[in-house]
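Heads up: the structure comes next, in structure tokens.
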Amino acid sequence: MINDNYAILALRIKTWGQECGFSDVRITDLDLSSQEDGLTSWLAAGYHGEMAYMATHGMKRARAAELVPGSVRAIMVRMDYLPPENPGNWRELEWERSGQAQQAVISIYARGRDYHKVLRSRLQNLAEKIATEIGPFGYRVFTDSAPVMEVALAEKSGLGWRGKHTLMLSRHAGSTFFLGEIITDLPLPIDQPESDHCGSCSACIDICPTQAIIAPFKLDARRCISYLTIELKTSIPVALRPLIGNRVYGCDDCQLCCPWNKFAQTGTQADFSVRNGLDKASMIDLFSWSEADFMHKLAGSPIRRIGYISWLRNLAVGLGNARRTLAAHDTGAIDRALQQQLTHSSELVREHVIWALQQSSEST
Ligand code: B12
Ligand code: SF4
Ligand code: SF4
């Protein structure tokens with residue numbers, strides 16, 4: 001194919017991408033050598049905590065070309081995830097819920113179907129559409145599934161710029177979207193990066209409950225609530241527990257406060273509609289789920305990946321934090337829920353439940 005034809009193909013891929021449910025599609029080369037120093041120092045500082053896969057893959061994350069032999073480009077996609085039924089004042093509602101100590105706050109991205117499944121199938125549709133038009137070509141689709149620095153690739157492709165919270169931001173869509181890519185051997189023309197629009201703002205750094213954003217563009221994952229409630233499999237450090245509040249799965253605070261998220265786009269995928277009332281659930285209700293309930297109700301949800309033990313651990317921390325906001329005579333329902341799990345077979349669960357029962361308004 002001659003160059004002009006690749007330029008036309010690139011335009012058509014962008015249109016097909018939109019037909020497959022992506023709000024934006026950009027193309028970049030695979031050179032992430034400028035990220036290698038940053039990645040090395042991030043790993044050397046131990047900011048990845050217990051995410052062993054981050055260390056295992058090491059520099060591979062900055063060498064996307066090694067993932068698919070002969071590959072030269074990444075077709076980067078953005079998929080917006082605010083639930084289709086999203087109310088316009090979603091950010092106010094989210095803040096309100098974080099202030100309601102007994103309500104469970106589950107990160108918005110995790111209230112519907114697992115995005116890995118949704119993006120992978122839409123990316124596969126896009127790749128098959130390309131193959132139908134041009135014949136077989138070399139590719140693999142990824143979303144969060146390969147050791148590759150997706151935000152850095154997306155930044156190069158011009159999907160947006162990297163905010164000081166380290167996430168990708170778009171002037172047209174804020175940051176409430178997932179990234180995915182098709183790594184391919186097609187030598188498509190590349191797009192230009194976007195400039196930085198954070199300016200002097202530092203709202204995300206200031207608001208982070210655990211001060212995980214230790215400097216602009218630099219996150220100590222070990223302090224991030226998303227890491228503590230999703231990635232960490234062991235005991236949550238006691239000093240950080242009170243700061244987690246009622247966030248029982250993930251955290252959205254650094255995005256909720258970001259001025260660019262007034263441009264956040266409602267997703268078009270029915271898959272991201274809220275399931276099981278996870279935007280309105282109380283911690284006591286969720287804590288009463290049996291393991292069978294957890295497995296059944298959360299089938300197809302990203303939350304199931306953490307497993308029932310981490311789920312109970314997180315809820316115990318949230319309930320302990322709620323207990324601290326209540327007068328001693330108002331803690332009855334929480335105490336009963338916690339006491340029922342005091343004999344749980346998991347040492348991890350018991351330890352967090354005991355901690356929770358020790359929290360009281362007098363101890364603050
Ligand atoms: C590991 C991981 C996490 C970890 C670590 C996050 C992180 N910022 O590194 C944890 C579990 C904490 C996490 C949390 C979340 N994640 Co996450 N995560 C990833 C994953 C798998 C890898 C990211 C990575 O490589 N981190 C490693 C470090 C080295 O990356 P880095 O920030 O790019 O590091 C650079 C800087 O540190 C810089 N640097 C280092 N030192 C210094 C010093 C100075 C002075 C400067 C300027 C720079 C600098 O250099 C490094 C290299 O460029 C990606 C998917 C993927 N495959 O890329 C999703 C991904 C980034 N996560 C995503 C999401 C949605 C989230 C959450 C919002 C989920 C939630 N609601 O709870 C939170 C947000 C937390 C946050 N503020 O980042 C999305 C982001 C989409 C978007 N709009 O950008 C991604 C892209 C997944 C996807 N496919 O959609 N995540
Ligand atoms: S996700 Fe929450 S804990 Fe993590 S950096 Fe953002 S505000 Fe901080
Ligand atoms: S809150 Fe401010 S500093 Fe943080 S990402 Fe948004 S614009 Fe950038």
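Both counts, for ligands and for their atoms, begin at 1 and track the order of listing.
- Checking atom 23 (C) of ligand 1 against the protein gives no heavy-atom contact under 4.0 Å.
- For C254, the closest heavy-atom approach to ligand 1 falls below 4.0 Å.
- With a 4.0 Å cut-off on non-hydrogen atoms, L39 touches ligand 1 through its backbone as well as its side chain.
- Counting only heavy atoms, the protein gets under 4.0 Å from atom 12 (C) of ligand 1.
- None of the N, O or S atoms belonging to C201 lies under 2.8 Å away from atom 8 (Fe) of ligand 3.
- Neither the backbone nor the side chain of Y47 has a heavy atom within less than 4.0 Å of ligand 1.
- Note: Y109 and Y115 have perpendicular aromatic rings, judged against thresholds of 30 and 60 degrees for the angle between ring planes.
- Protein heavy atom nearest atom 3 (C) of ligand 1, with residue, atom name and distance: M51 SD, 4.8 Å.
- Atom NZ of K233 sits in a crowded spot, with more than 12 heavy atoms from other residues, nucleotides or ligands closer than 6.0 Å.
- At least one protein heavy atom sits closer than 4.0 Å to atom 83 (N) of ligand 1.
- F178 has its ring centre less than 6.0 Å from the ring centre of Y81.
- Under 4.0 angstrom from ligand 1, the non-hydrogen atoms of F178 come from both its backbone and its side chain.
- Distances from atom 6 (Fe) of ligand 2 under 2.8 Å pick out these protein N/O/S atoms: C254 SG.
- Counting heavy atoms from C-beta on, the side chains of V248 and T229 never come closer than 4.5 Å.
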Next item on the list: With side chain to side chain contact (heavy atoms under 4.5 Å, CB included) as the test, would you mind laying out the steps for L39 and L32 before giving the verdict?
Entry: CA-CA 10 Å; L39 175 60; L32 290 177; over 6 Å; no
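- For atom 91 (N) of ligand 1, no protein heavy-atom neighbour is found at a distance under 4.0 Å.
- Remark: the N125 side chain and the R122 side chain contain no N/O donor-acceptor pair separated by less than 3.5 Å.
- Proximity of atom 18 (N) of ligand 1 to the protein is not indicated, since no non-hydrogen protein atom lies closer than 4.0 angstrom.
- Counted by atom type alone, S235 and E351 present one or more donor-acceptor pairs between their side chains at under 3.5 Å.
- Closer than 4.0 Å to atom 56 (C) of ligand 1 lies at least one heavy atom of the protein.
- Using the six-membered ring where Trp is involved, Y47 and W42 have ring planes that are perpendicular, over 60° apart on the 30 and 60° scheme.
- Within the listing of ligand 1, atoms 56 (C), 57 (N), 58 (O) sit less than 4.0 angstrom from a heavy atom of V148.
- The parts of L167 lying near ligand 1 are both backbone and side chain, judged by heavy-atom distances below 4.0 Å.
- Using a 4.0 Å cut-off to heavy atoms of S175, the atoms of ligand 1 that qualify are 83 (N).
- Taking a cut-off of under 4.0 Å to the non-hydrogen atoms of C258, the atoms of ligand 3 that pass are 1 (S), 6 (Fe), 7 (S).
- When heavy-atom distances to ligand 1 are checked against a 4.0 Å cut-off, C224 comes that close only through its side chain, counted from C-beta outward.
- Not a single heavy atom of A152 sits under 4.0 Å from any atom of ligand 1.
- If you check each of K218, M79, E231 against atom 44 (C) of ligand 1, the one with the closest non-hydrogen atom is K218.
- Of all atoms in ligand 1, numbered sequentially from 1 with element shown, those under 4.0 Å from a heavy atom of D252 are 71 (N).
- At under 3.5 Å, not a single nitrogen or oxygen of Q255, backbone or side chain, sits near a nitrogen or oxygen of ligand 1.
- Annotation for ligand 1: atoms under 4.0 Å from non-hydrogen atoms of L179 are 86 (C), 88 (C), 89 (N), 90 (O).
- Counting heavy atoms under 4.0 Å from ligand 1, residue Q35 touches it through both backbone and side chain.
- Remark: ligand 1 atoms within the under-4.0 Å shell around heavy atoms of G250 are 72 (O).
- The M168 neighbourhood of ligand 1 comprises atoms 82 (C), 83 (N), 84 (O), with distances under 4.0 Å to a heavy atom of that residue.
- The distance from ligand 1 to the heavy atoms of F177 drops below 4.0 Å at these ligand atoms: 81 (C), 82 (C), 83 (N).
- For L169, every heavy-atom contact with ligand 3 shorter than 4.0 Å involves the side chain, none the backbone.
- Side-chain atoms of N261 and S175 include a donor-acceptor pair closer than 3.5 Å.
- Using a 4.0 Å threshold on non-hydrogen atoms, atom 69 (C) of ligand 1 counts as touching the protein.
- A heavy-atom separation below 4.0 Å is found between R162 and ligand 1.
- In the model, Y139 has no side-chain atom that pairs as donor or acceptor with a side-chain atom of E181 under 3.5 Å.
- The presence of a protein heavy atom under 4.0 Å from atom 60 (C) of ligand 1 is ruled out.
- Of all the atoms in ligand 1, the ones that sit under 4.0 Å from a non-hydrogen atom of M54 are 1 (C), 24 (C), 25 (O), 26 (N), 27 (C).
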